[in-house]
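Order of appearance sets the numbers: ligands from 1, and atoms from 1 within every ligand.
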Amino acid sequence: MCGIVGYTGPKEATPLLLEGLKRLEYRGYDSAGLAVLTNGHVELRRSVGKLANLDTLLKKEPLKGTVGLGHTRWATHGRPSEENAHPHTDCSKKLVVIHNGIIENYVELKGKLMDKGHVFASETDTEIVAHLIEDKLSGLSKGGAPFAPDFREPMLFEAVRQALAEVRGAYALAILWSDAPGTLIAAKTASPLVVGLGKDETFLASDVPAFLDHTRKVVFLEDGEMAVISSKGVSFFNLDGKKVEKTPITIQWDRTMAEKGGYRHFMLKEIHEQPIAVEDTLRGRLFPLRDGVLEKEAGLSKEAMLAISNIQIVACGTAFHAGLVAKYWLESIARIPTQVETASEFRYREPILSANTLCISVSQSGETADTLAAVRLAKQLGVKILSVCNTVGAAIPRAADYNLYTLCGPECGVASTKAFVGQLVALATLTLHLAIARGKLDEKEAMALVDEMLRLPNLIRAALKLDGQMREISKKYFKAEHFLYIGRNVNYPTALEGALKLKEISYIHAEGYAAGEMKHGPIALIDPDVPVVAIATQSKTFEKVLSNIEEARARGAILIAIVNEGETRLDGKADHILRLPVVSEFLSPIVNVVPLQLLAYHMADLRGCDVDQPRNLAKSVTVE
Ligand code: AGP
């Protein structure tokens, strides 16, 4: 999730833009840049790495001017580099754009623009927006004749509006044109943008902390809205060009709260970001089902998909649990023999892999030492690597042959939540395309799964409504010393993940178990002080889970059951029943994990634990 800052007013823009980007650093980034209107033309300064590098560059080559844009980039298309850093310009170098989001159809738009003679300097999807606007301006001015001065702002607005009509995807955009000095144009669909109203100055940002020290009077843009911003204020329009009346609000948060979007912890914010993380990771990857979506998105051709004889997944922690879920999918739907192993075990056991094994690595950070070592070992053994990773340009994706990125934005909480759900969605998408390419799913079956995958963001939103109930349950049991989580089939890994979430942030001992294993030992643990969380959503093994629950109940267990809406067979058999929207067993881990994340969060919060930075843990385990 990139950082966006804009300023127009009487003050020097550079220090305000840099300060704003620093306030957004928590969002994570790999490069940064500024564009400032200086003596009638736009000047850029861009650098790879941390903002300190941009700061150093600006000290050597300062930018003077009172209107400008700043950006921190979290790479999605195109590796982290100066050329790919925002802002991006058009051919005239008079118009600059910064962007957060994903332009789905940038390849086709880029081709059309190149056919018209536009020359591109980067690999990014963002750059096409600058050239598309330039192209529209040229059309509006009938071949490029300059507009009369008081026509330039409305013509810029119209050119942006026309350009957006051709763009598909998610965007928060800010545009500056040297022919319309003092004006910024903003547009929003799916990625956040907010305007800060100061005294004779106006700010724009992707998040409030960027300018909270200067004004608390803000207006959030909604999807499909545009803004024309000057030092005197802002006007809002919809994509049809019709004016939209919006009322400013006053932000009450302090800056720390603002960085967390008003949530008390990054982890809770990221749990609530999961619907967007799923939307962004699914975007442009489900249609068309047949011709080469995965080749475009991950480099995995149909030939390569057909050549796979079996799959070996390597990962750690939560990512390992995502791999375990994928094993059920890849075998039951794509019918590909699949092994899953913790990378720390795989790397030392002298594994034997057949030549046509596909090794899939799952990693949020892409820097986990054990997973990277496992990937390197698999490469030495001669197999192809597909990386599912949330960090473009990290070590593991750089080592991989194919990259299917999760697009969840930076995950700040040490406990992985939205990245886990993003990994599941990416692996489900991979399963679908493999199954279709290998003839294991027909169009009708595939479309049924696609329809449900497109409903996941709203299903997760429904699951998030359990937040209050999870808080109440946590108040009863946050002093417990042991918890047991049980589930079957695809929800056995969900049980493991629920247990990991609880233990890593609340320090309560928690175990996840295959429900069918209870009689083989864990049932000895059952007593009134050991709450049992049972995942009992609809499945072909529901009756089995029901009997496991009754066994535990008969021995005095406290039962917290997760079921689907309308399920009554557990009424009276569980102490707490959490009801989730109905979803197929295939996709149920993606929804079922949400109450488990919320339970872990509230338990840890009530125990006064450091939820975002739990003791002894690091966000990325880059050492053995
Ligand atoms: C999960 O909540 C933990 N933070 C940890 O298990 C994590 O999933 C594991 O270290 C793997 O990290 P990665 O996804 O960055 O490779």
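- K501 has a carboxylate O that lies under 4.0 Å from a charged side-chain N of E497, or vice versa, which qualifies the two as a salt bridge.
- A cation-pi arrangement is not found for R607 relative to Y507, the charged atom failing to lie both closer than 6.0 Å to the ring centre and inside a 45° cone about the ring normal.
- The closest protein non-hydrogen atom to atom 13 (P) of ligand 1 is T368 OG1, 3.3 Å.
- Looking at atom 10 (O) of ligand 1, its nearest protein heavy atom turns out to be V621 CG2, 3.9 Å.
- By the 30° and 60° cut-offs, the orientation of the rings of H86 relative to H71 is parallel.
- A salt bridge is defined here as a Lys NZ or Arg NE, NH1 or NH2 lying under 4.0 Å from an Asp or Glu carboxylate O, and K619 with E411 meets this definition.
- Distances below 4.0 Å separate heavy atoms of A415 from the following atoms of ligand 1: 2 (O).
- When all heavy atoms are compared, the tightest approach of R283 to G169 is CD-CA, 3.9 Å.
- Some N or O of V414 is nearer than 3.5 Å to an N or O of ligand 1, by distance alone.
- Looking at R455 and E452, a side-chain N of the basic residue comes within less than 4.0 Å of a carboxylate O on the acidic one, giving a salt bridge.
- For atom 11 (C) of ligand 1, the closest non-hydrogen atom on the protein side is C316 O, 3.5 Å.
- Backbone and side-chain nitrogen or oxygen atoms of T371 are examined, and none is located within less than 3.5 angstrom of a nitrogen or oxygen of ligand 1.
- Looking only at heavy atoms of the protein, atom 2 (O) of ligand 1 is closest to E504 OE2, 2.4 Å.
- For H272 and Y601, the gap between ring centers reaches or exceeds 6.0 Å.
- Of all atoms in ligand 1, numbered sequentially from 1 with element shown, those under 4.0 Å from a heavy atom of S416 are 1 (C), 2 (O).
- Short contacts between ligand 1 and A319, defined as distances under 4.0 Å to a heavy atom of the residue, involve ligand atoms 8 (O), 14 (O).
- Contact atoms of ligand 1 toward K501: 1 (C), 2 (O) (distance under 4.0 Å to a heavy atom of the residue).
- Each of the atoms 13 (P), 15 (O), 16 (O) of ligand 1 lies under 4.0 Å from some heavy atom of S365.
- A donor-acceptor pair is defined here as one N or O able to donate and one able to accept, closer than 3.5 Å; no such pair exists between the side chain of T357 and the backbone of I311.
- Proximity of T318 to ligand 1, defined as any heavy-atom pair under 4.0 Å, is shared by backbone and side chain alike.
- Per-residue contacts place Q364 under 4.0 angstrom from the following atoms of ligand 1 (heavy atoms of the residue considered): 13 (P), 14 (O), 15 (O), 16 (O).
- Side chain of R438 to backbone of M305: a donor-acceptor contact under 3.5 angstrom is found.
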